[in-house]
Novice: 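This structure is in structure tokens; I'll ask about it shortly.
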Amino acid sequence: MSVVGIDLGGTKIMAGVLSEGSIKARVTVPTPEEGGPAVIEAMAQAAQAAIEAGGVAVQAIGLGTPGPLDFKRGRIKFTPNIANFTDFPIVERLEQATGYKVYMENDANAAALAEHKLGAAQGAESTLYMTVSTGVGGGFVWGNRVLRGVNGQGGEIGHITMQPGGPLCGCGLDGCLEALATGPAMERMALAAFQREMNTRELFALFQQGDPRASRIVLQAASWVGIALASLVKCYDPEVVVLGGGVALNAGQGYLDGVLRSYQRYMENWIAPPIRLAQLGSEAGLLGAALTAALEVGEA
């Protein structure tokens, strides 16, 4: 049997059929700006198109979605980047629209599961996953299960407090990792340092050329990531750490070296599991969503 994975994002929806460990057919459509029921319709149409393209019978749908989520009731509590999804019964509505059983997972947790099962941590018993891009997401996987916590808040590592009284985060609190180490955080610091707006691509180019201000900004962000990883490793003691996301993969080797220096500094006298770069790229969320369903129906 095969399953469908749906990766719901703020700008696009990806659907694909997972069969024999790989995606056999994939469909991408824009996320409707009006949100709500229009998104359900778009997801259902994308899933049906993927099923027809795959030419196989499917047993269930796995949905990877931003949150926070209410897993017990199958609802999205709210989504900052998708309209009309406050306390929205997304599982029930998608089941009605498709006729398939739907299993929901947080999008970052889904990516963590994919890297654990099929990507950089394949074969490991436990994995700590962190993605650094416009935000910081992640998850912890033990065996075949993602740690969600009693309220579904497990793995929200972007919102661990790193610097009390520091920059304000989008979650409303101050000094979160997400407010210190992401692309937008570095762009904010670049504006102060260079007195003009600068995107991360330009900042990373200056960093790779050895510009001292760019280097200070990028390496400071890298240091925060290394400290956070060391702290999380001491909490979870994973076999493997996987690091992904646009910042981690595009800032260059100097950035990764900075992460490792900081990580090793704060892992002194502790056993430090290896850090591996994520392998699945933009397909991690789709694969993880499909794996969520496959594990529930006993097919993975």
Side-chain angles (χ1 to χ4, degrees), residues 1-3 5 7 18-23 59-60 62-64 67 69 71 103-132 136-160 177 225-245 248-249 256 259-260 262-300:
M1 278 289 186
S2 304
V3 296
D7 183 15
L18 177 69
S19 182
E20 299 178 354
S22 64
I23 298 295
Q59 194 167 346
L63 170 64
L69 309 175
F71 288 99
Y103 299 96
M104 177 176 67
E105 185 55 88
N106 171 275
D107 52 2
N109 283 347
L113 181 62
E115 289 289 351
H116 175 77
K117 291 281 290 181
L118 300 173
Q122 189 172 0
E125 182 184 29
S126 57
T127 304
L128 170 65
Y129 170 78
M130 180 186 288
T131 175
V132 184
V136 175
F140 179 71
V141 186
W142 184 283
N144 288 329
R145 293 297 172 184
V146 172
L147 177 66
R148 292 177 179 169
V150 68
N151 295 307
Q153 298 174 150
E156 290 289 349
I157 59 181
H159 301 289
I160 58 175
L177 178 62
V225 170
I227 294 169
L229 287 174
S231 299
L232 292 163
V233 164
K234 291 167 192 171
C235 292
Y236 294 121
D237 194 24
E239 184 177 345
V240 175
V241 175
V242 177
L243 180 62
L249 300 179
L256 297 173
V259 172
L260 286 172
S262 179
Y263 173 69
Q264 290 164 355
R265 165 67 181 85
Y266 288 94
M267 285 301 296
E268 285 181 10
N269 303 316
W270 296 78
I271 297 172
I275 297 178
R276 301 176 185 170
L277 283 179
Q279 294 180 350
L280 301 177
S282 61
E283 198 153 84
L286 178 61
L287 281 165
L291 282 169
T292 297
L295 289 167
E296 291 291 345
V297 298
E299 294 293 327

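Residue indices begin at 1 and follow the sequence shown.
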Novice: Using a 4.5 Å cut-off on heavy atoms from C-beta on, say whether the side chain of L243 contacts that of L256.
Specialist: yes
Novice: With heavy-atom distances below 4.5 Å as the criterion, would you say the side chains of N109 and L113 are in contact?
Specialist: no
Novice: With rounding to the nearest 0.5 angstrom, report the CD1 to OH distance, I227 to Y266.
Specialist: 4.5 Å
Novice: Decide yes or no for E156 and N106: does some side-chain heavy atom of the first lie under 4.5 Å from some side-chain heavy atom of the second?
Specialist: yes
Novice: Salt bridge check, R145 against E296: does any charged N sit closer than 4.0 Å to a carboxylate O?
Specialist: yes
Novice: Above 12 or not: heavy atoms from other molecules or residues under 6.0 Å from CD of E268?
Specialist: yes
Novice: Can you tell me how far CG of D107 sits from CG of L286, rounded to the nearest 0.5 angstrom?
Specialist: 12.5 Å
Novice: Using side chain to side chain contact (heavy atoms under 4.5 Å, CB included) as the criterion, list what pairs up with T127, not counting sequence neighbours.
Specialist: H116, A121, A124, V242
Novice: How long is the span from the OG atom in S231 to the CG atom in L177, to the nearest 0.5 Å?
Specialist: 10.0 Å
Novice: Side-chain contact, heavy-atom cut-off 4.5 Å: W270 with V233?
Specialist: no
Novice: Taking the side chain as every heavy atom from C-beta outward, state whether V241 and M130 have any atom pair closer than 4.5 Å.
Specialist: no
Novice: Report the residues that fulfil ring pair (Phe, Tyr, Trp, His ring centres under 6.0 Å) with F140, sequence neighbours left out, ordered by chain and then residue number.
Specialist: Y236
Novice: Measuring from D237:CG to K234:NZ, what's the distance to the nearest 0.5 Å?
Specialist: 12.0 Å
Novice: Just so I know, are the side chains of E239 and S126 near enough to count as touching, which here means a heavy-atom distance under 4.5 Å?
Specialist: yes
Novice: Report yes if the side chains of V297 and Y103 come closer than 4.5 Å at any heavy-atom pair, otherwise no.
Specialist: yes
Novice: Which distance, rounded to the nearest 0.5 Å, do you find between the CG of L287 and the NZ of K117?
Specialist: 12.0 Å
Novice: Quick one: OH on Y129 to CZ on R276, what's the gap to the nearest 0.5 Å?
Specialist: 15.0 Å
